[in-house]
Every structure is written in structure tokens, then in C-alpha cells.
Amino acid sequence: GDTYTLIDTPGHMDFSPEMERAISIMDYAILLISAVDGIEGHTETVWNLLRKYHVPTFIFINKIDREGAAVEEVMQSIKKEFSTDALLLKEEINDQSIPESILEWIAERDEKLFEHYMEDNIDISQYFSALLKMIQNEQAFICMAGSALKDIKVKEFFNQFAILTKTEFDNDAPFQGKVFKIRHDEQNQRITFIKALSGTLKVRD
């Protein structure tokens with residue numbers, strides 16, 4: 001039931017201005033890291049751009065079907081080089097079901113929930129809401145592992161992505177938008193790409 005606009009940015013650093021413009025209008029980002037090669041130089045550059053524009057980021061550790069894949073080692077690198085708030089999910093979580101280890105991870109980062117956790121007074125929906133807020137505030141970076149080529153855990157990743165992301169848009173507010181690309185068509189007419197931030201834009205506005 002969700003609608004997504006996918007923005008695939010060029011990965012090569014020769015196209016970093018285009019990448020930066022695309023990143024500046026994202027609601028969320030999915031960063032792909034190879035389970036074999038780990039964090040590469042340009043991946044670090046992308047990560048830094050995502051932090052510069054405060055884009056909540058999910059990480060998919062890809063190619064787990066390949067020889068030499070080391071998910072735990074990649075996770076250690078992510079925590080060391082990117083953020084200690086990276087969290088590897090091995091099973092789906094939602095507002096009614098969160099594994100004990102994840103509950104503990106959330107509680108450690110929220111004083112009020114930690115008190116409830118120690119008293120064994122756990123309301124799963126509160127922990128889930130706290131995690132959503134952490135993701136949006138770049139205090140939690142959800143990681144999952146799979147293989148795009150062999151279709152391992154890809155559907156599960158997108159199901160989890162849908163559950164853990166939300167955006168809000170006010171149709172009734174004045175129109176605001178951000179121009180992120182301008183190009184010209186065959187007739188040399190200028191085409192302007194705008195991300196709408198609020199309100200509605202009508203013809204001739």
C-alpha cells in the first residue's frame with residue numbers, strides 16, 4: 001500500500017555532484033555494502049554525504065552467497081567506521097513483536113524504557129515507536145544481510161523497510177518544493193525536477 005519514488009544515484013565519485021543533489025532530497029536511503037569486499041572508499045564518501053544531509057539510512061549487506069562473505073566482520077567495520085548505533089536484524093520486528101536482544105538494545109538508548117525494561121514492564125509498541133524515532137533521528141541504522149542475485153532475504157528487507165519508515169506530507173500547507181535537477185528535452189524545453197515538501201502545485205501556479 002505504500003508508494004515509493006526510487007532515486008538511484010551514480011556510485012562513481014566522478015558523479016559526486018549529481019549524487020549529492022539526489023541525496024539532498026531523499027526521505028530515506030538504502031546503502032549497499034558487499035559482504036565480501038566490505039566498506040570501500042566511495043562507500044565512506046556516500047555515508048558522509050548522507051550524514052551531511054541527515055538522511056535516515058538502512059544498510060543491506062549483499063552477496064552473502066559468495067565465497068569469503070563475512071557478515072559479522074562487515075558489521076564490526078560498520079560499527080567502527082560508520083556508527084556504533086548500527087543494528088543487525090536477523091528476524092522481522094513490528095509493533096507487536098521484537099526479539100529480546102533488540103528490546104535490550106533500544107532500552108540501553110532510552111532512559112525511561114530502560115527503567116521499564118529493568119522492572120520487566122515491557123510495552124512492545126512503546127519500544128517500536130522509540131526505534132522509529134531513533135531511525136529518523138539517525139540514532140539507529142538498521143542493517144540486514146542477503147543476496148540480491150540469489151533473491152535471499154530481499155523481500156524480507158523491503159517488508160522490514162516498509163514497517164520501519166514513515167513520511168508525513170501536509171496537502172493543506174502552502175506549496176514548498178526543492179529543485180534537484182534541470183535538464184532539456186529534444187525540443188530544448190527546460191524540464192525542472194522538484195521534490196514537493198508540502199502543499200499542492202497546480203498548472204500555471
Side-chain angles (χ1 to χ4, degrees), residues 1-11 18-19 21-40 42-44 46-47 49-51 53-66 69-75 77-79 82-83 85-103 105-106 109 124-169 180 193 195-197:
D2 295 336
T3 302
Y4 294 96
T5 302
L6 300 183
I7 303 169
D8 182 18
T9 72
E18 286 90 336
M19 186 196 299
R21 279 196 293 271
I23 284 173
S24 73
I25 56 130
M26 289 179 179
D27 295 307
Y28 293 91
I30 298 170
L31 190 63
L32 295 179
I33 297 178
S34 164
V36 181
D37 303 318
I39 295 170
E40 297 175 89
H42 68 273
T43 318
E44 209 163 323
V46 175
W47 176 265
L49 282 173
L50 289 166
R51 302 288 61 79
Y53 289 101
H54 301 294
V55 181
T57 305
F58 287 69
I59 296 173
F60 187 76
I61 301 170
N62 194 24
K63 302 181 181 177
I64 63 165
D65 57 306
R66 292 261 298 275
V71 173
E72 289 302 330
E73 281 180 29
V74 173
M75 275 305 299
S77 295
I78 289 169
K79 287 179 180 178
F82 286 172
S83 173
D85 294 322
L87 174 63
L88 181 65
L89 292 191
K90 295 181 179 177
E91 52 190 295
E92 190 176 293
I93 63 173
N94 54 48
D95 60 358
Q96 292 166 351
S97 170
I98 300 177
E100 184 68 29
S101 60
I102 308 293
L103 287 173
W105 190 92
I106 297 167
R109 287 156 174 79
I124 298 285
S125 63
Q126 283 186 336
Y127 284 76
F128 183 76
S129 296
L131 181 60
L132 286 188
K133 200 171 280 183
M134 287 177 192
I135 291 169
Q136 287 184 318
N137 294 335
E138 301 170 272
Q139 295 166 335
F141 300 98
I142 302 298
C143 306
M144 289 179 71
S147 165
L149 184 67
K150 299 282 177 70
D151 198 17
I152 300 168
K153 296 285 183 183
V154 174
K155 188 178 180 187
E156 288 86 343
F157 173 77
F158 281 112
N159 283 342
Q160 193 65 82
F161 185 77
I163 290 167
L164 294 175
T165 57
K166 61 177 185 177
T167 55
E168 290 170 10
F169 191 87
F180 66 96
F193 293 80
K195 178 193 178 181
L197 301 173

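Note: hydrogens, waters and symmetry copies are ignored here, and every other heavy atom, side chains too, is used. Index from 1, following the sequence.
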Could you check if a side-chain atom of [X] sits within less than 4.5 angstrom of a side-chain atom of [Y], using non-hydrogen atoms only?
| X | Y | result |
| --- | --- | --- |
| V74 | I59 | no |
| F158 | I30 | yes |
| Y127 | I93 | no |
| L103 | I124 | yes |

I'd like to check the ring-ring contact (aromatic ring centres under 6.0 Å, His included) partners of [X]; sequence neighbours left out, ordered by chain and number.
| X | value |
| --- | --- |
| F58 | F161 |
| F180 | none |
| F60 | F157 |

Using 0.5 Å steps for rounding, measure from the [atom1] atom of [X] to the [atom2] atom of [Y].
| X | Y | atom1 | atom2 | value |
| --- | --- | --- | --- | --- |
| I78 | S83 | CD1 | OG | 10.0 Å |
| W105 | L89 | CH2 | CG | 9.0 Å |
| L49 | E44 | CG | CD | 11.5 Å |
| S34 | I39 | OG | CD1 | 11.0 Å |
| S101 | I106 | OG | CD1 | 9.5 Å |
| T57 | F82 | OG1 | CZ | 9.5 Å |

Check: side chain to side chain contact (heavy atoms under 4.5 Å, CB included) between F193 and I25: does it pass, once the steps are laid out?
Finding: CA-CA 11 Å; F193 293 80; I25 56 130; over 6 Å; no
Can you see which heavy atom on [X] is nearest to which on [Y], and at what distance?
| X | Y | result |
| --- | --- | --- |
| M26 | I7 | CE-O, 3.8 Å |
| A29 | V55 | N-CG1, 3.7 Å |
| S147 | V154 | O-CG2, 3.7 Å |
| N62 | A148 | OD1-N, 2.8 Å |
| G146 | K153 | CA-CB, 4.0 Å |

Next item on the list: Quick one: do K90 and E72 satisfy salt bridge (charged side-chain N to carboxylate O under 4.0 Å, His left out)? Show the steps, please.
Entry: CA-CA 12 Å; K90 295 181 179 177; E72 289 302 330; 3.4 Å; yes
Quick check against the 3.5 Å criterion: does [X] have a side-chain atom that pairs as donor or acceptor with the backbone of [Y]?
| X | Y | value |
| --- | --- | --- |
| T167 | T165 | no |
| N94 | I163 | no |
| S129 | Q126 | no |

Notebook entry, point to check: Given R66 and L149, is the side chain to side chain contact (heavy atoms under 4.5 Å, CB included) satisfied, shown in steps?
Noted result: CA-CA 10 Å; R66 292 261 298 275; L149 184 67; over 6 Å; no
Margin query: Checking D65 now: which residues fulfil salt bridge (Lys or Arg N to Asp or Glu O under 4.0 Å) with it, not counting sequence neighbours?
Written below: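 D65 satisfies salt bridge (Lys or Arg N to Asp or Glu O under 4.0 Å) with K150 once adjacent residues are dropped.
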Notebook entry, point to check: What's the verdict on side chain to side chain contact (heavy atoms under 4.5 Å, CB included) for L88 and V71, showing C-alpha distance, side-chain angles and the deciding distance?
Noted result: CA-CA 10 Å; L88 181 65; V71 173; 4.2 Å; yes
Check: Should I33 and W47 be marked as a side chain to side chain contact (heavy atoms under 4.5 Å, CB included) after you check the CA-CA gap, both sets of side-chain angles, and the distance that decides it?
Finding: CA-CA 11 Å; I33 297 178; W47 176 265; over 6 Å; no
Side-chain donor-acceptor distances from residues 132-144 under 3.5 Å, at least two apart:
residue, atom, partner, partner atom, Å
Q136, NE2, Y28, OH, 3.3
Q136, NE2, K166, O, 3.3
N137, ND2, K133, O, 3.3
E138, OE1, H54, ND1, 2.8
E138, OE2, R51, NE, 2.8
E138, OE2, R51, NH2, 3.0

Next item on the list: Answer yes or no: does atom CZ of R109 have more than 12 heavy-atom neighbours from other residues, nucleotides or ligands under 6.0 Å?
Entry: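 Yes, CZ of R109 has more than 12 neighbouring heavy atoms, counting only those of other groups under 6.0 Å.
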Notebook entry, point to check: Tell me the salt bridge (charged side-chain N to carboxylate O under 4.0 Å, His left out) pairs involving residues 92-101, sequence neighbours left out?
Noted result: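 Every pair satisfying salt bridge (charged side-chain N to carboxylate O under 4.0 Å, His left out) with a residue in residues 92-101: there are none.
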Next item on the list: Begin from the C-alpha positions of K195 and D27 and carry the test salt bridge (charged side-chain N to carboxylate O under 4.0 Å, His left out) through to its verdict.
Entry: CA-CA 10 Å; K195 178 193 178 181; D27 295 307; 2.9 Å; yes
